[in-house]
Amino acid sequence: MAPSLEAPEAVQDVLANPLREKPNLVAPEPEHCPGPESEKAGVADSCAGCPNQKICAAAPKGPDPDIPLINARLAGIKHKILVLSGKGGVGKSTFTSLLAHAFATNPETMVGVMDTDICGPSIPKMLGVESETIHVSNAGWSPAWAMDNLAVMSIQFMLPNRDDAIIWRGPKKNGLIKQFLKDVEWGELDFLLVDTPPGTSDEHLSVNTFLKGSGIDGAVMITTPQEVALLDVRKEIDFCRKAGIRVLGIVENMSAFVCPKCTHTSEIFQATTGGGRALAAEMGIPFLGSVPLDPRIGMACDYGESFFDSFPDSPACKALRGVVRGLASQVNLDPNDIMPDA
């Protein structure tokens, strides 16, 4: 494949303007052009007589006017945590649902889950609210409630049919994520968990831009032990550092298989380079723990049930309690208030 001749945009420019849509110019930029995104675009002296003058003058400029509205809407949320990986199939959505149920085990804790995986929303299925729809009132969009203290918002609630594909380009995805933050009546929450798709692209840039003003506690990195997964997690960590997002810690998911009957442990994915623990040490990031592979987790997700309620004594549940306690410490909370050590 021939290399692209198009010069890449500077990293900091992309992070600062992730939602910018460059205007469709009808002619090349003249020699003294101030730039189509400049505040002077279309009104500078050098713009006189340019065929692009009207296009550049009408192009959006300056900060997003919806940011203050988003900040006001999210003012009642104490902690905002992103669940990232960079790699698909490592269990981000599964971990998000487990984390939500873990926080919600305390009836005094209000939890929200925002599913930003626009093309593959699985959170509603895992939390047992797949058949819900969005209700609109004067106050905004009402999230679905999986429990009395667990709210959920996903594009799945907007689809006419459960199996409809979402075939959208970046701007439409960005617009929906903005609506999830600006129009959803989240109310007073202790935690808002944001489930993200793989990669370091549109959805991640949008979430970072829209949440930055209201404050993000940080991101939890999910990986599996093998080096193929760690390759993409390293890129996601680099994205967080460039975007100014604190990495709260790394969780190694599917670290081993523990037989539910005989409790024998088998390594399904070999940690050829040391796994998540070695990566955390290499990157100087807290290692929150290893969660073993348990087929009952998948069963609980399929039925939309809480794994913590169904199998509280399983090795995976005990490991998840340790992860939650470590995460609580990273956001300056007393672990015993969030997840008592059983």
Side-chain angles (χ1 to χ4, degrees), residues 11 14-15 18-19 70 80-100 112-127 129-130 134 143-144 152-159 162-182 184 191-212 216-224 226 228-243 245 247-254 276 297-298 301-302:
V11 171
V14 174
L15 292 172
L19 309 181
I70 293 173
K80 306 172 190 73
I81 300 173
L82 311 182
V83 180
L84 305 175
S85 172
K87 183 69 174 176
V90 297
K92 290 183 298 299
S93 296
T94 300
F95 180 80
T96 303
S97 67
L98 291 168
L99 189 59
V113 178
M114 189 175 78
D115 187 0
T116 63
D117 193 344
I118 306 301
C119 295
S122 52
I123 286 293
K125 177 71 172 178
M126 293 179 175
L127 294 179
V129 289
E130 190 179 19
I134 290 178
V152 188
M153 180 52 67
S154 172
I155 193 175
Q156 183 69 48
F157 304 144
M158 306 169 67
L159 301 181
R162 185 179 64 179
D163 298 329
D164 285 350
I166 308 299
I167 309 173
W168 285 3
R169 294 187 186 274
K172 290 197 72 174
K173 295 180 182 179
N174 298 335
L176 183 65
I177 292 172
K178 179 188 284 189
Q179 283 189 286
F180 282 174
L181 295 168
K182 179 173 68 77
V184 173
F191 297 95
L192 177 65
L193 308 177
V194 182
D195 181 41
T196 63
T200 55
S201 191
D202 292 318
E203 293 90 337
H204 308 78
L205 290 167
S206 299
V207 168
N208 181 49
T209 300
F210 296 143
L211 286 179
K212 184 174 287 185
I216 304 175
D217 285 77
V220 179
M221 293 290 164
I222 311 299
T223 187
T224 46
Q226 74 274 33
V228 169
L230 299 175
L231 286 171
D232 288 342
V233 176
R234 288 188 179 90
K235 295 178 177 65
E236 195 78 37
I237 293 171
D238 182 58
F239 163 79
C240 286
R241 288 174 172 169
K242 289 176 178 174
I245 301 172
V247 180
L248 300 172
I250 294 177
V251 176
E252 186 179 83
N253 199 21
M254 310 182 208
I297 293 178
C301 290
D302 282 349

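Sequence positions, counted from 1, serve as the residue numbers for this chain.
Scanning all heavy atoms of the two residues, the minimum distance from Val152 to Phe157 falls at O-CE1, 3.4 Å. Considering every non-hydrogen atom in both Gly276 and Thr223, the closest pair reads CA-CG2, 4.1 Å. Minimum interatomic distance between Ile70 and Phe210 (heavy atoms only, all atoms of both residues): CG2-O, 3.5 Å. Contact between Trp168 and Leu176 at its shortest, heavy atoms only, is CZ3-CD2, 3.8 Å. Between Ile155 and Phe180, the closest heavy-atom pair is N-CZ, 3.6 Å. Across every non-hydrogen atom of Glu252 and Thr224, the tightest pair is CG-C, 4.4 Å.
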Notebook entry, point to check: What do the steps show when you test Leu159 against Ile166 for side chain to side chain contact (heavy atoms under 4.5 Å, CB included), and what is the final call?
Noted result: CA-CA 9 Å; Leu159 301 181; Ile166 308 299; 3.1 Å; yes

Margin query: side chain to side chain contact (heavy atoms under 4.5 Å, CB included), that's the test. Do Ile216 and Asn208 meet it? Break it down for me.
Written below: CA-CA 8 Å; Ile216 304 175; Asn208 181 49; 4.0 Å; yes

Margin query: Evaluate Met153 against Val113 for side chain to side chain contact (heavy atoms under 4.5 Å, CB included), listing each step before the verdict.
Written below: CA-CA 6 Å; Met153 180 52 67; Val113 178; over 6 Å; no

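His204 places a side-chain N or O within donor-acceptor distance of the main-chain N or O of Pro197, the cut-off being under 3.5 Å. A donor-acceptor pair is defined here as one N or O able to donate and one able to accept, closer than 3.5 Å; such a pair exists between the side chain of Ser85 and the backbone of Ile222.
The side-chain hydrogen bond (donor to acceptor under 3.5 Å, both in side chains) check on Thr196 picks up nothing, with sequence neighbours excluded. Judged as a ring-ring contact (aromatic ring centres under 6.0 Å, His included), and not counting sequence neighbours, the contacts of Phe191 are His79, Phe103. The side-chain hydrogen bond (donor to acceptor under 3.5 Å, both in side chains) test applied to Glu236 returns no partner, not counting sequence neighbours. With sequence neighbours excluded, no residue forms a salt bridge (charged side-chain N to carboxylate O under 4.0 Å, His left out) with Arg169. With sequence neighbours left out, the side-chain hydrogen bond (donor to acceptor under 3.5 Å, both in side chains) criterion links Arg241 to no other residue.
To the nearest 0.5 Å, atom OG of residue Ser154 and atom CD of residue Glu130 are 9.5 Å apart. Separating the CD atom in Gln156 from the CG atom in Asp164 is a distance of 9.0 Å, to the nearest 0.5 Å. The distance from the CG atom of Leu82 to the CD1 atom of Ile245 is 5.5 Å, given to the nearest 0.5 Å. Atoms OG1 and CD1, on Thr200 and Ile237 in that order, are 12.5 Å from each other to the nearest 0.5 Å. The structure places CG of Asp117 at 8.5 Å from NZ of Lys173, a figure rounded to the nearest 0.5 Å. Interatomic distance, Lys80 NZ to Lys212 NZ, rounded to the nearest 0.5 Å: 14.0 Å.
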Kindly list each side-chain donor-acceptor pair under 3.5 angstrom involving residues 86-94, sequence neighbours excluded, with atom names and distances?
from	atom 1	to	atom 2	distance (Å)
Lys92	NZ	Lys87	O	2.9
Ser93	OG	Ser122	OG	3.3
Ser93	OG	Asp195	OD2	2.6

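Put simply, the side chain of Leu248 reaches to within 4.5 Å of the side chain of Ile81, judged on heavy atoms. Annotation: side chain of Val251 is not in contact with side chain of Met221 (no heavy-atom distance under 4.5 Å).
Lys242 and Asp238 are joined by a salt bridge, as a carboxylate oxygen and a charged side-chain nitrogen come within less than 4.0 angstrom of each other.
Each of Val184, Leu211, Val194 was compared with Met114 under the side-chain contact (heavy atoms from CB on, under 4.5 Å) criterion, and only Val194 meets it.
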